[in-house]
Novice: 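Mind looking over this structure? Questions follow.
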Amino acid sequence: AVACKSESSLVSNNAISLLKKRFNHIIIFYDNDEAGQTYSKKLSKKYSLNSIELPQDTAGTLPKDPADFIQVYGQKHLKTFINKEILSIN
């Protein structure tokens with residue numbers, strides 16, 4: 001996992017090239033807020049990367065970030081969700 005300082009932090013072409021050389025799969029996983037989704041789509045399109053986002057809850061709302069998701073559903077459920085998403089990409 002690599003974490004940027006914020007969703008609006010620019011990731012350099014060099015950083016993406018190094019990551020692509022080192023890893024078979026790079027997946028973008030930003031917060032569900034507007035900034036996170038905007039930059040997730042931007043990076044995904046620019047570098048041809050896959051992205052995942054947290055699912056809506058039963059009320060149709062999105063948890064803002066993984067910490068909010070864990071508060072409601074627990075860490076185990078977050079891990080299960082992420083693993084399922086990664087498997088669906090491969």
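What you see is a predicted model, and the numbers here were worked out from it, not measured in a lab.
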Novice: According to side chain to side chain contact (heavy atoms under 4.5 Å, CB included), who are the partners of Ser48, at least two apart in sequence or on a separate chain?
Specialist: none
Novice: If you look only at pairs with a residue in residues 11-21, which of them pass as a side-chain hydrogen bond (donor to acceptor under 3.5 Å, both in side chains), with sequence neighbours excluded?
Specialist: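 Matches after skipping sequence neighbours: Asn13-Tyr47.
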Novice: Report the distance from atom CD1 of Ile89 to atom NZ of Lys84, rounding to the nearest 0.5 Å.
Specialist: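 Ile89 CD1 to Lys84 NZ: 12.5 Å, rounded to 0.5 Å.
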Novice: Rounded to the nearest 0.5 Å, what separates atom CD1 in Ile52 from atom CD1 in Ile86?
Specialist: 6.0 Å
Novice: Would you name the heavy atoms of Leu78 and Pro66 that are closest together and state the gap between them?
Specialist: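 Leu78 and Pro66 have their closest heavy atoms at CD2-CB, 3.9 Å.
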Novice: Between CD of Glu85 and CG of Asn50, what distance do you get to the nearest 0.5 Å?
Specialist: 10.5 Å
Novice: How far does CG of Leu19 sit from CD1 of Ile26, to the nearest 0.5 angstrom?
Specialist: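 Between atom CG of Leu19 and atom CD1 of Ile26 there are 4.5 Å.
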Novice: To the closest 0.5 Å, what do you measure between CZ (Phe81) and CZ (Phe69)?
Specialist: 6.5 Å
Novice: Would you tabulate the side-chain donor-acceptor contacts of residues 28-44 under 3.5 Å, counting partners in other chains and residues two or more places apart, or write 'none'?
Specialist:
from	atom 1	to	atom 2	distance (Å)
Asp31	OD2	Lys64	NZ	3.3
Asn32	OD1	Gln37	NE2	3.2
Asn32	ND2	Leu54	O	3.3
Asn32	ND2	Pro63	O	3.0
Asp33	OD1	Gly36	N	2.8
Gln37	NE2	Asp31	O	3.0
Thr38	OG1	Glu34	O	2.8
Ser44	OG	Leu49	O	2.4

Novice: Can you list the residues that meet the side-chain hydrogen bond (donor to acceptor under 3.5 Å, both in side chains) rule with Asn24, with sequence neighbours excluded?
Specialist: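 side-chain hydrogen bond (donor to acceptor under 3.5 Å, both in side chains) list for Asn24, sorted by chain: empty.
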Novice: Could you pull out all residues at least two apart from Asn83 that satisfy side chain to side chain contact (heavy atoms under 4.5 Å, CB included)?
Specialist: none
